[in-house]
Peer 1: 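Take a look at this one; I'll ask things after.
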2 protein chains.
Amino acid sequence: MGRGKIVIKKIDNMTSRQVTFSKRRTGLFKKAKELAILCDAEIGLIIFSDTGRLYEFSSSNMKSLIEKYSKAKEENHLIVFAASDVKKEAASLRQQFHNLQQNHRKMMGEELSGLSVADLQNLQNQLESSLRGVIMRKTSAALKDGSKLCL
Amino acid sequence: MGRGKIVIKKIDNMTSRQVTFSKRRTGLFKKAKELAILCDAEIGLIIFSDTGRLYEFSSSNMKSLIEKYSKAKEENHLIVFAASDVKKEAASLRQQFHNLQQNHRKMMGEELSGLSVADLQNLQNQLESSLRGVIMRKTSAALKDGSKLCL
DNA sequence: CCGACTATCTATAAGGG
DNA sequence: TCCCTTATAGATAGTCG
C-alpha cells in the first residue's frame with residue numbers, strides 16, 4: 001500500500017524506519033479499535049519501539065485484560081499474576097515478622113529501653129515461668145538419660 | 001475496504017460478525033507481525049472474542065513482554081508483576097517467620113519436647129541471663145519512678 | 001523531524017459455490 | 001460453515017514543503 005511494494009524485513013535506514021513505525025503503529029491501533037468495536041472483542045496491544053518507548057491500546061482495561069489472559073493461560077504454566085495479593089501477603093508477613101522479632105529481642109534481654117516497670121515485671125514473670133518449665137523439663141530429661149547411663 | 005463502506009459499530013448479525021472477526025483478526029495479526037519485523041519493535045497482542053476465546057501474538061515472548069510492560073508502567077501505579085519474585089520473597093519470609101516463631105515458643109517455655117539436655121541448658125542460661133537483665137532494668141526504672149514519686 | 005499528498009498496494013465486504 | 005473471487009475502501013511508501 002504505497003507507491004511501491006516492499007519486502008517485510010527490518011528497514012535499515014533509521015529515519016524511514018521510524019516514519020514507517022509511526023504510520024503503521026497508528027494504522028495498527030486503528031484496526032485494533034475497529035475490530036474491538038465491530039466484533040465486540042476484548043483487545044490489548046502493547047508495543048515497544050526499538051528505542052524502548054512504550055505504546056499501548058486496550059479496548060477495556062489493560063490490567064484486567066492481562067489478569068484474564070494469565071488465568072486463561074494458567075494451565076499452560078504462565079506465571080504472571082496480579083502481584084497485589086502476593087504483595088499484600090508479603091507486606092503482612094514482613095510486619096508480623098518485625099513484631100515477633102521485637103518481642104523476641106525483649107525476651108533475649110535486648111532493647112529493654114522504653115519499657116515501663118509494669119512491662120518489665122510482665123516480662124520478668126514470663127521469663128521466670130519459662131525458666132521453671134525449662135528446668136523441670138531438663139531435670140526429667142537428665143534423669144532419663146542418667147537412668148540409661150547408670151544401668 | 002470491500003464492496004461497500006461500513007460504519008464502525010458492533011455488527012448485529014452474529015454470523016457476519018464472526019466472519020468479520022476472523023478476517024480482521026487475521027489481518028491484524030499480519031500487520032502486527034509486519035510492524036515488528038519492519039521496525040524491530042516488540043509487540044504483544046491479546047484478543048478475546050465475544051465468545052471468550054483467546055487469540056494472541058507476540059513478537060518475542062508474551063510473559064517477558066508483560067513483565068517489561070509492568071515495569072514500564074510501575075510509576076503509573078500498575079500493579080501487575082511476574083509473581084515469581086514476590087512469591088519467592090513471601091516464601092522466604094514465611095520460612096524466617098516460622099523459624100523465629102519456633103525459637104520464640106521455646107523461650108516462652110512451650111514445645112520443649114525434642115530438645116536435648118544440652119539444648120535445655122542453653123535455653124536455661126539464656127533465660128537466666130535475660131532475667132538478670134530485665135530485673136536490673138526494672139530495679140533502675142523503679143528507682144527512677146520512685147524518686148519522682150517520693151520527691 | 002513533522003505533516004500533507006497521492007499513486008499504488010493491501011485488506012476486506014459482499015457475493016458465489 | 002468454509003473457501004474463493006472480486007470490486008472497492010482503506011492503508012501507506014515515497015515524495016515534497
Side-chain angles (χ1 to χ4, degrees), chain A residues 1-62 65-66 68-69 72-73 75-76, chain B residues 1-62 65-66 68-69 72-73 75-76:
Chain A
M1 3 177 188
R3 294 296 182 92
K5 190 167 179 167
I6 57 161
V7 289
I8 303 302
K9 67 177 282 287
K10 178 174 171 182
I11 298 168
D12 290 324
N13 183 297
M14 195 169 93
T15 306
S16 64
R17 187 167 69 237
Q18 286 187 343
V19 171
T20 295
F21 178 69
S22 171
K23 286 181 178 180
R24 279 181 173 255
R25 174 169 43 79
T26 306
L28 192 62
F29 279 132
K30 187 182 172 194
K31 291 265 181 203
K33 278 173 207 163
E34 289 183 355
L35 180 55
I37 295 170
L38 285 169
C39 304
D40 199 27
E42 201 174 349
I43 300 185
L45 177 54
I46 296 172
I47 303 180
F48 283 100
S49 73
D50 58 353
T51 60
R53 190 193 293 272
L54 170 65
Y55 303 86
E56 63 175 305
F57 162 74
S58 170
S59 62
S60 54
N61 171 279
M62 189 62 88
L65 184 68
I66 290 176
K68 188 170 170 182
Y69 173 80
K73 298 287 285 185
E75 65 230 35
N76 291 336
Chain B
M1 2 175 190
R3 294 294 183 92
K5 189 168 180 166
I6 59 162
V7 289
I8 303 301
K9 67 177 280 289
K10 179 175 169 181
I11 298 168
D12 290 323
N13 183 297
M14 195 171 93
T15 307
S16 64
R17 186 166 69 239
Q18 287 186 342
V19 171
T20 296
F21 178 68
S22 171
K23 286 182 179 179
R24 282 183 172 254
R25 175 169 42 79
T26 306
L28 192 62
F29 279 132
K30 187 181 172 191
K31 291 261 182 205
K33 280 173 205 164
E34 289 184 356
L35 180 56
I37 295 170
L38 284 169
C39 303
D40 199 26
E42 202 174 350
I43 300 184
L45 176 55
I46 296 172
I47 303 180
F48 283 99
S49 73
D50 57 353
T51 59
R53 190 195 292 271
L54 169 64
Y55 303 86
E56 62 175 304
F57 162 73
S58 171
S59 62
S60 53
N61 171 280
M62 190 63 87
L65 184 67
I66 289 176
K68 189 170 170 182
Y69 173 80
K73 297 286 286 182
E75 64 231 33
N76 290 337

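So that the names make sense, note that chain A is the first sequence line, chain B the second, and so on, each numbered from 1.
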Peer 1: Scan nucleotides 1-3 of chain D against the protein and return all N/O pairs shorter than 3.5 Å with their distances rounded to 0.1 Å.
Peer 2:
none

Peer 1: Identify the heavy atoms of Leu54(B) and Ala72(A) that sit nearest to each other, and give their distance.
Peer 2: CD2-CB, 4.0 Å
Peer 1: Among pairs that include at least one residue of residues 43-53 of chain B, which meet side-chain hydrogen bond (donor to acceptor under 3.5 Å, both in side chains), considering only residues two or more places apart or in two chains?
Peer 2: Arg17(B)-Asp50(B), Ser49(B)-Thr51(B), Arg53(B)-Tyr55(B)
Peer 1: Please identify each residue that fulfils salt bridge (Lys or Arg N to Asp or Glu O under 4.0 Å) with Lys9(B), with sequence neighbours left out.
Peer 2: Asp12(B)
Peer 1: Any heavy-atom pair between the side chains of Ile66(B) and Tyr69(A) that's under 4.5 Å?
Peer 2: yes
Peer 1: For nucleotides 9-17 of chain D, give me one character per nucleotide, 5' to 3': B if any protein heavy atom sits under 4.0 Å from the base, S if the only such contacts are to the sugar-phosphate, - if neither.
Peer 2: BBBBBB---
Peer 1: For Met62(A) and Lys73(B): C-alpha separation, side-chain torsions, deciding distance, then whether side chain to side chain contact (heavy atoms under 4.5 Å, CB included) applies.
Peer 2: CA-CA 11 Å; Met62(A) 189 62 88; Lys73(B) 297 286 286 182; over 6 Å; no
Peer 1: Write down the distance between NZ (Lys33(B)) and P (dT10(C)), rounded to a whole number of angstrom.
Peer 2: 17 Å
Peer 1: Side chains of residues 18-27 of chain A: which donor-acceptor partners sit under 3.5 Å, not counting sequence neighbours?
Peer 2:
{"residue": "Thr20(A)", "atom": "OG1", "partner": "Ser16(A)", "partner atom": "O", "Å": "3.0"}
{"residue": "Arg24(A)", "atom": "NH1", "partner": "Glu34(B)", "partner atom": "OE1", "Å": "2.7"}
{"residue": "Thr26(A)", "atom": "OG1", "partner": "Ser22(A)", "partner atom": "O", "Å": "2.8"}

Peer 1: Calculate the interatomic distance between Ile8(A) atom CD1 and dC9(C) atom P; express it in whole Å.
Peer 2: 14 Å
Peer 1: Determine the minimum heavy-atom distance between Leu28(B) and Leu35(A), stating which atoms define it.
Peer 2: CD2-CD2, 3.9 Å
Peer 1: Closest heavy-atom contact between Ile43(A) and Ala36(A)?
Peer 2: CD1-N, 3.7 Å
Peer 1: Once you build an axis from the first five pairs and another from the last five of the helix from dC2(C)-dG17(D) to dG17(C)-dC2(D), how far apart in angle are they, to 10 degrees?
Peer 2: 30°
Peer 1: Less than 3.5 Å apart, any donor N or O on the side chain of Glu42(B) or Ser60(B) sitting next to an acceptor on the other?
Peer 2: yes
Peer 1: Work out which heavy atom in Leu38(B) is nearest to a heavy atom in Val7(A); give both atom names and the distance.
Peer 2: CD2-O, 3.8 Å
Peer 1: Rounded to whole angstrom units, what separation is found between the CZ atom of Phe21(A) and the P atom of dC2(C)?
Peer 2: 13 Å
